[in-house]
Amino acid sequence: MPDLLIELFSEEIPARMQARAAEDLKKRVTDGLVEAGLTYAGAAALSTPRRLTLAVDGLLAESPTICEERKGPKVGAPDKAIEGFLRGAGLTRDQLEERETPKGAVYFAMIEKPGRPAAEIIAEVLEDTIRNFPWPKSMRWGAGSLRWVRPLHSILCILSDEAGAAVVDLDIDGIKSGNTTRGHRFMAPDEITVTGFDDYAAKLKRAHVVLDARERGEAIWQEATNQAFANGLDVVEDKGLLAEVAGLIEWPVVLMGAIGEEFLALPPEVLQTSMREHQKFFSVKNPKTGRIERFITVANRETADNGATILAGNQKVLSARLADAKFFWENDLRTAKSEAGMGSWVENLGNVTFHNKLGTQAARIDRIAALAREIAPVMGADADLAEQAARVAKADLSSEMVYEFPELQGLMGRYYAEAAGLPSAVANACEQHYSPLGPGDDVPSEPVSVAVALADKLDTLTGFWAIDEKPTGSKDPFALRRAALGVIRLVLENDVRGSLWKLNLRGFSQHVVKDGSESDLLARFKEHLNELVSRDLPTADSEASEELEHALKTPADLLSFFHDRLKVFLRDQGIRHDVIDACIAMDGNDDLTLLVKRARALEDFLKTEDGTNLLQGFKRANNILSQAEEKDGVEYSYGADRKFAEDDSEKALFDALEAGGAAISPAIEGEDFAAAMRGMAALRAPIDAFFEAVQVNADSDIVRRNRLNLLSQIRQVCGQVADLTKVEG
Amino acid sequence: MTQTNGAPRSFQEIILRLQNYWAAKGCAVMQPYDMEVGAGTFHPATTLRSLGSKAWAAAYVQPSRRPTDGRYGENPNRLQHYYQYQVLIKPSPPNLQELYLGSLEAIGVDMAMHDIRFVEDDWESPTLGAWGLGWEVWCDGMEVSQFTYFQQVGGHDCHPVSGELTYGLERLAMYVLGVDHVMDMPYNDPDALIPLSYGDVFKQTEEEYARWNFDVANTEVLLRHFEEAEAECAAILAQEHQDPKTGKRIIMAHPAYDQCIKASHIFNLLDARGVISVTERQAYIGRVRALAKQCADAFVQTEAGGHAPESAA
């Protein structure tokens with residue numbers, strides 16, 4: 001069985017695209033081969049900056065012959081029909097077979113599709129793959145119209161077996177396939193002829209090309225840690241950078257250099273960011289001092305001076321970069337320590353637009369500060385401190401360092417707030433108020449930081465809701481889903497209690513449109529604000545004016561957005577969406593901590609045997625009741641009387657519900673959901689026994705009504721815990 | 001040709017070697033465009049000539065101005081006026097990377113001792129409505145050139161594709177000459193009768209322009225000039241293709257494009273004066289882009305832009 005080797009040799013492929021492209025090549029080619037009937041034993045894809053390589057082992061030498069039987073018209077059918085069938089099958093009439101069927105004699109065609117040689121199929125599949133390759137971004141070059149990530153120079157495509165290797169002929173817009181490649185761009189640029197994968201890999205290694213990105217990465221890491229270790233230092237791990245660097249070279253040569261003494265006082269994050277982003281250097285730390293003292297760079301070649309020239313060049317570039325960073329850092333520190341302190345930066349933010357319709361960054365900061373004040377008491381934080389923190393938290397956006405390295409926002413704020421002598425709670429809030437950024441990001445726990453973080457996110461969410469820029473489908477340009485998830489995690493992980501609804505209204509009430517006038521919606525809000533805040537939930541209320549109801553639509557929509565994000569968040573933690581729905585349907589659903597406590601307790605309860613059975617009992621009761629109510633046109637809500645109970649099980653249920661009601665109400669009141677669930681569990685056996693022994697729809701109307709009223713007690717007692725009608729199963 | 005061997009000794013020698021090298025490779029060595037531009041790409045020999053079907057090969061030095069980068073001549077690497085070396089070849093030849101590496105050798109970069117890397121960098125010019133794919137070229141970790149395959153210019157797909165090389169001359173020369181501060185770089189030969197440093201030539205002008213750019217330039221006048229350039233560009237392109245005086249078909253793509261260049265530079269000056277807000281910024285860029293697109297539309301209707309010459313009717 002022959003082996004296939006393909007190499008697509010091009011100008012430098014962006015590092016971030018290489019691994020994915022190699023996998024795409026493997027998938028597209030092997031899928032195509034299999035679809036054409038060519039099965040194989042194994043396939044591997046590899047990449048370097050200049051080549052995508054695919055090796056397929058144990059390929060069939062030709063695709064199998066396929067026989068297809070096709071049923072045609074009846075014998076004696078009109079000639080036209082028979083001729084049409086023959087044309088379709090590509091046969092003549094004497095090749096047809098007549099067969100007796102229950103419906104009479106019918107013509108059958110036996111069509112044989114002969115197998116095709118592997119080379120023919122490979123050529124087709126590879127051409128199709130190249131012409132339709134899923135590059136994230138591709139280009140044309142020269143006078144041609146072929147697209148590739150960068151100009152494609154050659155195609156190596158050979159099939160080899162014991163008898164030798166043969167080129168699979170292919171010509172794509174003038175690029176002819178062959179059995180040659182080239183080694184390292186500078187160290188071994190000559191053409192190399194290869195006969196199969198082993199030969200190819202071995203010759204490339206001699207030509208200073210390590211084919212496997214993982215091997216290159218491992219070699220880099222090994223050598224880097226060795227060199228650091230020999231000097232008593234540690235390389236700061238950075239897997240993303242390692243993968244990128246492995247995609248920038250074919251022949252890794254690791255070089256370690258020193259960072260100028262004058263730069264060692266820069267914050268380590270500044271050194272690291274500057275080196276990583278601009279130079280793709282690894283940082284090397286002194287474990288004794290915790291300082292970053294050296295760097296590791298990876299060159300793509302060996303030189304006669306063992307990299308001395310290259311290292312010196314890199315060192316010089318780094319010094320120029322760090323001189324810039326030092327300049328920014330010193331200027332910023334001067335500003336932070338000046339009399340105006342970070343205030344001058346905040347003032348500057350009055351000239352920076354946050355969003356056309358949402359005003360400047362300075363206006364945004366005013367809003368966040370007001371919200372932070374409001375949240376502070378809930379968090380047990382000092383309101384003045386929270387406001388102060390909110391006012392400087394975004395000041396560093398005006399600093400020179402953050403202008404140069406936007407990814408250092410927040411962190412620089414902390415450094416500068418410390419330099420300005422601000423309280424540590426304020427400095428920490430500068431850094432932490434952006435958190436959590438992603439699902440894996442830590443959530444701040446310091447009260448002031450939490451207050452500012454919540455205020456920041458709530459202002460963003462209410463703002464974009466107010467101007468109707470909500471996320472749709474996959475589009476979420478302002479990262480509002482992330483902001484909502486941030487609020488959820490901040491609330492849950494800090495056990496924050498209180499009404500999210502009211503905070504949302506506060507947030508909405510602060511937004512004014514750009515020209516300074518308030519939008520209609522917001523004007524209405526303010527008018528009704530006191531009334532709104534005194535109301536618990538956005539439920540329909542006949543007493544509220546129609547206008548008020550209209551004004552409530554947007555905040556209600558935002559609250560349900562929070563609930564949707566909460567469902568996604570909890571689903572990842574194994575809580576079923578219907579369980580959450582059952583809890584969202586309850587009062588107080590804008591207190592997320594309470595909501596989740598309830599949902600967790602319910603989820604746990606439903607996993608027990610008592611839970612599943614109680615749910616069944618509840619549903620049965622509810623169904624019977626609903627049907628009866630619909631039929632009778634009345635609501636059976638109270639008045640069940642023990643004296644009409646006939647059966648013992650019925651009496652027992654009366655007792656159980658009374659006891660249950662007495663246990664569950666105070667448990668819910670005291671937010672002891674576990675106790676409430678235990679109360680429900682105690683109902684399970686009596687409910688089961690009741691249904692076992694008793695026919696609800698009794699002949700006696702009095703007994704029937706009494707039993708229906710009893711069922712309604714089940715509904716009422718269980719309904720205090722959650723809306724179980726929303727639970728599936 | 002006479003190739004000077006060994007390391008170059010001055011800024012001007014590096015420029016001369018590049019001129020000789022690209023001349024030897026068949027490029028038309030052109031002169032700088034006589035208007036203020038932000039980069040060599042703005043020269044019509046690049047912007048307009050990258051459009052249409054006709055083959056083209058040009059190389060030139062382009063003085064470039066970026067008012068916001070002014071540092072009164074004090075920053076070792078930043079200037080508001082600097083030089084770019086620009087090469088444009090259409091269609092891009094298959095050995096463009098090798099040709100480029102040859103040019104580095106020509107200015108004294110020994111490939112056996114240095115680490116040259118092609119690092120992904122996609123180029124986009126929002127003001128020109130242009131983009132391309134390519135790399136920044138690194139030499140021992142320093143970006144020494146920009147290498148781009150133009151895909152679109154002025155909103156037009158490039159067919160054939162031009163290969164563009166842009167060298168930041170000061171930075172490259174500082175590296176090759178081993179100088180740390182741009183003002184210390186020898187401009188002519190250090191052994192010349194009157195040796196001149198880059199600072200001797202440009203330190204004072206950097207100060208003068210930095211002051212003017214940041215604090216003095218009359219923004220009202222500039223705003224008016226912007227509007228005027230925009231209006232003039234449109235007025236030029238609105239003319240009949242047939243010149244009433246000569247009876248010839250003369251589309252004035254270049255004069256119109258001059259107005260586009262003017263508007264672009266005025267925008268940069270206004271930006272440096274800090275009078276353009278973040279939101280207005282996008283609007284101004286959009287207006288310049290609209291001009292660039294109209295000029296591109298006009299150029300492709302000219303003979304140089306690939307339009308078939310019309311028989312004298």
Side-chain angles (χ1 to χ4, degrees), chain A residues 11-17 49-50 137-145 149-151 153 185-187 189 244 247-249 253 255 278-281 297-305 307-321 323-324 327 351-356 360, chain B residues 53 55 71 74-78 89-98 101 110-122 131-135 137-143 147-151 157-163 171 174-175 178-181 274 277-282:
Chain A
E11 296 178 14
E12 279 75 357
I13 306 165
R16 66 191 169 92
M17 298 179 189
R50 294 212 290 166
K137 246 184 190 176
S138 64
M139 53 163 273
R140 293 172 288 105
W141 62 93
S145 56
V149 64
R150 294 293 183 274
H153 280 271
R185 182 188 278 287
F186 300 103
M187 298 181 77
E244 186 181 1
L248 287 172
I249 42 104
V253 176
L255 302 167
H278 288 140
Q279 302 304 134
K280 321 250 185 248
F281 289 171
T297 184
V298 184
N300 188 31
R301 66 160 307 145
E302 294 165 10
T303 60
D305 64 354
T309 307
I310 295 173
L311 187 60
N314 275 288
Q315 230 149 358
K316 200 164 161 178
V317 181
L318 179 63
S319 289
R321 290 274 187 210
D324 268 356
F327 178 74
N351 302 321
V352 180
T353 307
F354 168 61
H355 182 284
N356 254 348
T360 63
Chain B
S53 56
R71 295 291 183 274
E74 282 161 14
N75 187 292
N77 306 298
R78 264 186 227 264
I89 307 181
K90 179 174 77 171
S92 65
N95 63 341
L96 189 56
Q97 280 187 312
E98 281 68 37
L101 293 171
D110 179 359
M111 295 293 143
M113 297 306 287
H114 293 275
D115 182 33
I116 309 290
R117 227 79 75 64
F118 292 86
V119 181
E120 176 190 17
D121 190 37
D122 300 342
W131 68 276
L133 298 190
W135 312 273
V137 185
W138 286 15
C139 176
D140 302 339
M142 191 181 68
E143 182 193 342
F147 191 130
T148 309
Y149 292 100
F150 279 3
Q151 301 296 299
D157 278 346
C158 296
H159 248 303
V161 167
S162 299
R171 203 205 297 226
M174 281 167 70
Y175 189 75
V179 179
D180 291 328
H181 198 297
S277 74
V278 182
T279 29
E280 284 173 322
R281 215 165 177 276
Q282 288 312 311

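Chain identifiers are assigned alphabetically (A, B, ...) following the order of the sequence lines, protein sequences preceding nucleic acid strands; residue numbering begins at 1 within each chain.
Atom CH2 of Trp138(B) is separated from atom CG of Leu248(A) by 7.0 Å, given to the nearest 0.5 angstrom. Note that the CG atom of Leu133(B) and the CD atom of Glu11(A) stand 12.0 Å from one another [nearest 0.5 Å]. Distance check, rounded to the nearest 0.5 Å: CZ of Phe118(B) to CZ of Arg50(A) gives 9.0 Å. The distance from the CD atom of Glu74(B) to the CZ atom of Phe327(A) is 8.0 Å, given to the nearest 0.5 Å.
Ion pair Arg150(A)/Asp122(B) flagged as a salt bridge, since at least one NZ, NE, NH1 or NH2 atom sits closer than 4.0 Å to an Asp/Glu carboxylate oxygen.
In this structure a side-chain-to-backbone donor-acceptor pair under 3.5 Å is present from Asp115(B) to Asn300(A). A side-chain donor-acceptor contact under 3.5 Å links Gln279(A) to the backbone of Gly141(B). Within the 3.5 Å criterion, the main-chain N or O of Tyr149(B) finds no donor-acceptor partner in the side chain of Trp141(A). A donor-acceptor pair is defined here as one N or O able to donate and one able to accept, closer than 3.5 Å; such a pair exists between the side chain of Ser92(B) and the backbone of Gly142(A).
In this structure, chain B has a heavy atom under 4.5 Å from the backbone of Val149(A), while its side chain stays farther away. Residue contact with chain B, scored on non-hydrogen atoms closer than 4.5 Å, involves the backbone of His278(A) exclusively. Only the side chain of Lys316(A) has a heavy atom closer than 4.5 Å to any heavy atom of chain B. When heavy atoms are compared at a cutoff of 4.5 Å, Arg140(A) approaches chain B by way of both its backbone and its side chain. Residue Ser319(A) does not touch chain B at all, counting heavy-atom pairs closer than 4.5 Å. With a 4.5 angstrom heavy-atom cutoff, Met187(A) does not touch chain B via any of its atoms. Contact of Ile116(B) with chain A is made through backbone and side chain together, with heavy-atom distances under 4.5 Å.
Chain A forms more heavy-atom pairs under 4.5 Å with one residue of Lys90(B), Glu98(B), His114(B) than with any other, namely His114(B). Ranked by heavy-atom pairs under 4.5 Å with chain B, the first of Leu318(A), Thr303(A), Val317(A), Ile310(A) is Ile310(A). Counting heavy-atom pairs closer than 4.5 Å to chain A, the top residue among Glu143(B), His159(B), Met142(B), Gln97(B) is Gln97(B). Per-residue heavy-atom pair counts under 4.5 Å with chain A were compared for Leu96(B), Leu101(B), Asn77(B), Ile89(B), and the maximum is reached by Leu101(B).
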Item to check | Evaluation steps, side-chain contact (heavy atoms from CB on, under 4.5 Å), between Thr309(A) and Asp110(B) | outcome: CA-CA 10 Å; Thr309(A) 307; Asp110(B) 179 359; over 6 Å; no
Next on the checklist: With side-chain contact (heavy atoms from CB on, under 4.5 Å) as the criterion, how do Glu12(A) and Trp135(B) come out once you've worked through the C-alpha distance, each side chain's angles and the decisive distance to 0.1 Å?
Outcome noted: CA-CA 8 Å; Glu12(A) 279 75 357; Trp135(B) 312 273; 3.4 Å; yes
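Across all their heavy atoms, Ala143(A) and Pro160(B) have their closest contact at CA-CB, 3.7 Å.
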